[in-house]
Amino acid sequence: MSDLQSLTSSITAVTSPFRSYLTDLHTQYQANNDGAVADYIPELALAKPEWFGICVVTEAGQVFEIGDCDQVFTIQSISKAFVYGLALEDHGREYVNSRVSVEPSGEAFNAIVLDETTNRPYNPMVNAGAIATSDLIKGANGTERLKRLLAMFQRYTGRELDINVPVFLSEKATGFRNRAMAYLMLNFGMVSDRIDETLDLYFQQCSVMVTAKDLAMLSATLANGGVNPVTQERALDERYVQDVISVMLTCGMYDGSGEWAYRVGMPAKSGVGGGITAVVPGKLGVGTFSPLLDAKGNSVRGIKVCEDLSQDFGLHLFNVAKPKLDLADCLTGNDVDNW
Ligand code: DON
């Protein structure tokens, strides 16, 4: 046996139980072809239905990547949670709350609806609330505001990110509902009058290109109190981490949020590009990518992966029962009961 062969076989031999577990999940759900690729933004329709990646990053900085974890896609609505964090840093909780509420709307992500008494959008995860949140991002002009957004994402992911210009232009050319919402909010004085600049910023933040690994880094950073567990760089002020995670739990999966909280119990955010990022506070972040979406705009395979992780390892926020599998044992490579 050559040195290389023996090295490779020893690597295979020490494959952790957690990696094997994720590989099995990937094989199982790759066969599920339910759902459809989003096509309401023409550029998104180019995604391949078979793309599927699962990445988990622990708060200790261990990275597990299975499948298409280097395939880039646009972050879409997942950006909303992180831009909300930046708006909180820019203005503080009270002011941000006066512009955007934190109530689940029970409506589709693109519903044209505001709270009747306060005229605020329901929460920062639906499009109206996300546009009001983008409006709050400070900067002298559009370029400076976009630079601040990209720098913020870089602190979470540990690598430089860029926007997909064709997707941005495609959204800008077709996003009439978003424009309608922005003007409705302008009518009520809920956003500033730099409306075109803010809409561009919103379309640009949705067009940021990420991988499943980036999504796992984003949520692992939240799970780790706002500090990237690999680079150790702080991405979000500690005071606002809980705010962002709370809104992800109650509103991150849109009109599927209640069922998600009940069945999965991991604060999460999805995007129509096919990504899901899910936080297990104090433990880990999950990033999944598969562009086949259900009717609510959430990734079908991604939901399955998160459901299984939650059930098998007892990762539901309110779980008090002994889990089937022990996460710490799986991560350290120890043998596990019921494996
Ligand atoms: O505003 C839009 O339509 C998109 N840029 C973002 C939508 C999105 O990801 C909704 N998610 N599931």
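Residue numbers run from 1 in the order of the sequence given. For clarity, every value in this text was computed on a predicted model and none was experimentally measured. Ligands are counted one by one from 1 in listed order, and the atoms in each one are counted from 1 as well.
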> So which protein residues pack against ligand 1 under 4.0 Å, heavy atoms counted?
Replying inline: Y40, Q76, S77, F109, N127, E171, N178, Y202, C206, Y254, G271, V272, G297
>> Quick check for you: to the nearest 0.5 Å, what is the distance between K48 atom NZ and L292 atom CG?
In response: 13.5 Å
>> Under a 3.5 Å cutoff, is there a donor and acceptor pairing between the side chains of S192 and D135?
In response: yes
>> Taking the ring centre of each residue, are Y21 and F313 less than 6.0 Å apart?
In response: yes
> Distance under 6.0 Å and angle within 45° of the ring axis: does R19 meet both against F64?
Replying inline: no
>> Once rounded to the nearest 0.5 Å, what's the spacing between atom CZ of R155 and atom CZ of R234?
In response: 11.0 Å
> Would you say R263 has more than 12 foreign heavy atoms packed within less than 6.0 Å of its CZ?
Replying inline: no
